[in-house]
Every structure is written in C-alpha cells, then in structure tokens.
Chemist: 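I have a structure here, written as structure tokens, and I will follow up with some questions on it.
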Amino acid sequence: MLKLFIKPSFVFLPFIIGIILYKYLNKGLRFIFLQICFWVFTEILLIILISTGHQNLWYLHIYVPIEFLIFALTYAWFLKELIKPKYIYAVAVIFISCSVVNTLFFQNIQLFNSYVRAVGALLYVCFAILYFYKLLFELKVQKLRKEPMVWINTGILIYYSAIFFLDILSNKIIQYSIDLAKDVMFIRPIFYWIFNILAAVGFLIARKNAQETG
Amino acid sequence: MKDWLHTDIVLILLIGTMGMLILAFGIILFFSIYKKRLQSQQLYLSQMKAEHRKQLLENTVSSQEKERKRFASDLHDEVGAMLSFIKLNLGRLEKKEENQELKELAAESKEHLNQVITEVRRITRDLSPPTLEKLGLVAAVNEFLSWVKRSDSLLFSLNVTGKEVRFDPKNEIAVFRIAQELINNAIKHAEATKITIKLKYTSTHIFLSVTDNGKGFDVEKAKTKGLGLKNLESRTEILKGSFKFRSKPKKGATFVLATKI
C-alpha cells in the first residue's frame with residue numbers, strides 16, 4: 001500500500017507550487033502546469049482503481065494521447081520561433097491517430113500500450129533536444145540557470161529518455177521473468193521524482209524572474 | 001535465465017546505459033557550448049558597439065572640423081574684408097578731416113578696429129589653422145603659441161626632437177587640437193605661468209607632452225567629472241593612440257600622448 005503512494009507523492013510538489021505561483025507562469029509554463037494537473041488527476045485515479053481492485057490498463061490508452069496533446073501544445077509554444085506550430089500539431093494528430101489504431105488493432109485496452117508509449121517518449125526527447133537547439137541557435141538567454149524552461153526541459157529529457165530505455169528493457173525482461181520486470185519498473189519513480197523536482201524549481205525561478213523584472 | 005543474460009537483454013542494457021551516458025554528456029556539453037557561444041556573441045557585440053562609437057566619434061569630429069573651416073573661411077572672407085574696408089575708410093577720413101576732434105575720433109576708432117581685426121584673425125586661425133595644412137604640426141603649434149603670447153604674459157617653450165614628418169591630415173589636426181586644448185586648459189583652468197610643450201618624432205610614432213606649473217588637480221575626480229579630459233580621450237581614440245596624465249593639487253600637470261604616424 002505504501003508503494004502505491006510513494007511514486008505519486010512527488011507530483012504534488014510542482015502541483016502545489018504551480019497553484020501558488022500560477023500568476024507568475026507564462027503561457028508555456030501554464031501548459032506544463034496543465035500537464036502536472038493531468039498527472040495529479042491520473043495518479044489519484046490510479047490509486048482509486050488499484051485500491052478498489054479495478055483494472056487500470058485501459059486508462060493508459062486514454063492517458064498517452066492526452067499527455068502527448070498537452071506536450072505538443074507546450075512545445076508548439078516554446079519552439080514557435082524554430083518550427084511553425086502547425087507542424088507540431090500535425091505530429092500530434094498523427095501520433096494520436098496511431099495511438100487509436102494501436103488500441104484498435106495491435107494492443108487492445110486489456111494490454112499495456114508499450115509501442116505508442118515508447119514512440120511518445122522518443123518524440124518528447126526530440127522536442128527537448130529541439131528546445132536546447134533553439135536556445136543555442138538564438139542565444140537570447142543570458143543565464144541558463146535563470147530560465148525556468150531549461151530546468152523543466154532538462155527534466156523532460158532525462159525522464160523520457162529513461163522511460164524509453166526502461167520500457168524497452170522491461171518489455172524484453174517480462175518475457176523471461178515478471179518479477180525482474182517489476183523490479184525494473186520500480187526504477188521509474190526515481191526519474192519521475194527528478195522531473196517533478198526540476199519542474200518545481202522551474203516554477204520557483206519563474207516567480208523569481210517575475211519579481212526581479214517587477 | 002542464463003540464456004538471456006548473455007544476449008538481447010545485455011545488449012539493451014548496454015545500449016541503454018550508453019544512451020544515458022551520452023545524454024548526460026550531451027547536457028553538460030550543451031551548457032558549456034552555450035556558455036562559450038554566449039561569450040563570443042557578447043564579445044562580438046561589444047566590438048561592434050565600440051566600432052560604432054568610434055565611427056560616430058570620427059564623424060562628429062570630422063563634421064566639427066568642416067564646420068570650423070567653413071566658419072573660419074566666412075569670418076576671413078566676409079567679416080575680415082568688411083573690417084579692412086572700414087579701416088581704409090577711417091584712414092581716409094583721418095587724413096582728409098580738418099576738424100581736429102573728428103580726426104582724433106577717427107584715429108581712436110582705427111586703433112580699436114585694428115584690435116578687432118587682430119582678434120578676428122586669431123579666432124580664424126584658432127578655428128582652422130592654414131599653417132597646419134601648409135607647413136605641418138610644429139609650425140602650427142609655434143604659430144598658435146605666438147598668438148597666445150600676444151594676449152597672455154606666459155612663458156612658453158617648445159622642444160622638438162626627431163625629424164618632423166607629415167602624416168595623415170586627419171590625425172595631424174587631431175594632434176594639433178589636443179595640443180591646443182591642453183594649452184588652453186593650462187591657461188584657463190590651471191592658471192599656469194609656464195608651459196612646456198615637447199614634440200618627439202620617431203620613425204613610427206609621434207609623442208606630444210604638455211607640462212605646466214599650474215594649480216594641478218585631483219586625477220581621480222577629473223577622470224569621472226572632466227568633460228575636457230573626455231574630449232581628449234575621444235580624440236586620442238580616433239588616433240588609435242594612448243593618453244596618460246599625472247597631476248597633484250598645487251604641483252602642476254603633465255599630459256603625454258603617443259600615437260602612430
């Protein structure tokens with residue numbers, strides 16, 4: 001039961017900070033906050049589903065496209081100087097369509113939608129790299145440590161590259177040992193915590209910047 | 001378990017670990033490259049700024065010199081000619097007039113007019129010294145001193161070492177203006193009684209030093225407040241030269257300028 005609450009606990013950190021500092025967040029950071037709100041909702045729902053003995057795999061088939069949609073909106077805003085938002089929206093439409101096709105024909109709601117999750121993680125890593133490339137290309141930010149999105153983007157890059165690797169590893173291991181696959185899955189929260197801490201730092205920096213600029 | 005430990009799982013683990021290591025290295029690399037690029041961008045921007053400022057300064061000085069030349073020319077051709085004509089008429093009046101009182105008045109007016117003509121000539125030469133263009137820096141400084149000597153009872157000495165060479169007229173006039181400003185400052189602000197000017201020519205450089213025995217000044221205060229010093233620094237910047245000065249209150253001042261010919 002304790003394990004059930006350890007992983008979600010950290011998402012409440014950026015969630016609470018985000019609520020308090022919401023007025024200091026720009027549009028892009030508000031999308032990140034929306035993502036965190038969605039994660040909070042997901043965590044609560046999963047706790048309820050697990051504690052009441054219900055199956056929860058079906059929810060991942062809804063969760064993955066919504067998560068991608070919010071990230072697409074986020075990066076469309078942050079990368080608008082580098083890539084026209086319509087291209088990112090197009091990627092989002094393709095991804096969501098593929099997700100639906102995957103659910104209908106390959107991995108139904110009774111199965112773990114590992115294919116689209118892996119592709120999604122890979123796309124988030126690409127978005128994060130593109131964001132760093134944009135920063136390097138523009139050179140507008142004078143101090144990287146004072147840019148909230150740099151912290152959050154670093155968190156996204158670390159979290160989703162780890163997720164990508166761990167998903168493939170656990171999918172492979174599960175064929176041989178379910179217990180070992182579960183052990184691998186328990187490494188995931190470490191990266192989840194790292195991301196949430198970095199997101200919280202990002203929100204705090206956004207407030208500091210807003211106060212400094214008056 | 002033994003079978004898979006040595007095959008695909010190990011491969012995924014290896015690739016994954018490598019990937020995470022590359023990612024970590026990539027993040028560190030990104031921050032260091034960003035810092036370097038930002039530094040080089042800032043350096044480039046400051047160079048551009050300095051270049052722009054220099055260009056602006058050059059244009060200002062150049063237009064200032066043009067305006068001075070035009071004003072000197074107008075003063076010489078229009079006002080000077082008119083004054084000479086009035087002087088000639090006053091001379092005629094002085095000769096032809098039989099009334100003694102009027103004759104004396106004409107002579108007195110002619111005397112005052114002579115002073116005005118001299119003053120106009122001095123101003124004209126100050127504004128645009130023709131000697132500088134024709135004969136060079138040493139002659140122009142000498143001439144300027146001779147004009148200053150007429151109105152002030154000061155002790156001047158001009159020492160020239162090395163063979164005088166002519167250089168870029170723009171730079172020549174800048175060195176002359178610096179000398180002119182230093183001498184004027186020594187007279188007006190330092191209340192000096194003795195001024196020594198040294199001009200040294202080498203094959204590549206010219207050195208100008210102006211020393212006075214005036215009341216001196218606080219160097220630190222002058223650096224922040226002195227507009228005159230800013231002008232001298234700006235002119236030196238145009239010359240791509242270097243400019244140093246030392247002074248102490250009540251102990252006079254020495255200014256040294258060095259620039260390439």
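The chains referred to below are lettered A, B, ... by the order of the sequence lines, with proteins before strands, and numbering in each begins at 1.
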Chemist: Quick one, B:F176 and B:F144 - any side-chain contact, counting heavy atoms below 4.5 Å?
Modeler: yes

Chemist: Please answer whether the main-chain N or O of A:A128 pairs with a side-chain N or O of A:N153 as donor and acceptor at a distance below 3.5 Å.
Modeler: yes

Chemist: Under the criterion ring pair (Phe, Tyr, Trp, His ring centres under 6.0 Å), which of A:F10, A:F191, A:Y192 is the partner of A:Y159?
Modeler: A:Y192

Chemist: Measure the shortest side-chain to side-chain distance between A:Q35 and A:F38 over non-hydrogen atoms and say whether it is less than 4.5 angstrom.
Modeler: yes

Chemist: Does the pair A:Y63 and A:N56 meet the rule for a side-chain hydrogen bond (donor to acceptor under 3.5 Å, both in side chains), with working shown?
Modeler: CA-CA 11 Å; A:Y63 168 83; A:N56 62 15; over 6 Å; no

Chemist: Heavy-atom cut-off 4.5 Å, strictly under: side chain, backbone, both or neither for A:Q175 against chain B?
Modeler: neither

Chemist: I'd like to know if the side chain of A:W39 pairs up with that of A:E67 as donor and acceptor (distance under 3.5 Å, no hydrogens or angles considered).
Modeler: yes

Chemist: With a 4.5 angstrom heavy-atom cut-off, which part of A:V150 approaches chain B: side chain, backbone, both or neither?
Modeler: side chain

Chemist: Could you name the residues of residues 97-109 of chain A that have a heavy atom within less than 4.5 Å of a heavy atom in chain B?
Modeler: none

Chemist: Answer yes or no: is there a side-chain heavy-atom contact under 4.5 Å between B:F167 and B:K260?
Modeler: no

Chemist: Where on B:L23 is there a heavy atom nearer than 4.5 Å to chain A: the side chain, the backbone, both, or neither?
Modeler: side chain

Chemist: What part of A:L157 gets closer than 4.5 Å to chain B, counting heavy atoms only: side chain, backbone, both or neither?
Modeler: both

Chemist: Looking at chain B, which one of A:L169, A:I158, A:L144 has the largest number of heavy-atom pairs inside 4.5 Å, strictly under?
Modeler: A:L144

Chemist: Can you tell me how far apart CG (A:L139) and CD (B:Q39) are? Round to the nearest 0.5 Å.
Modeler: 11.5 Å

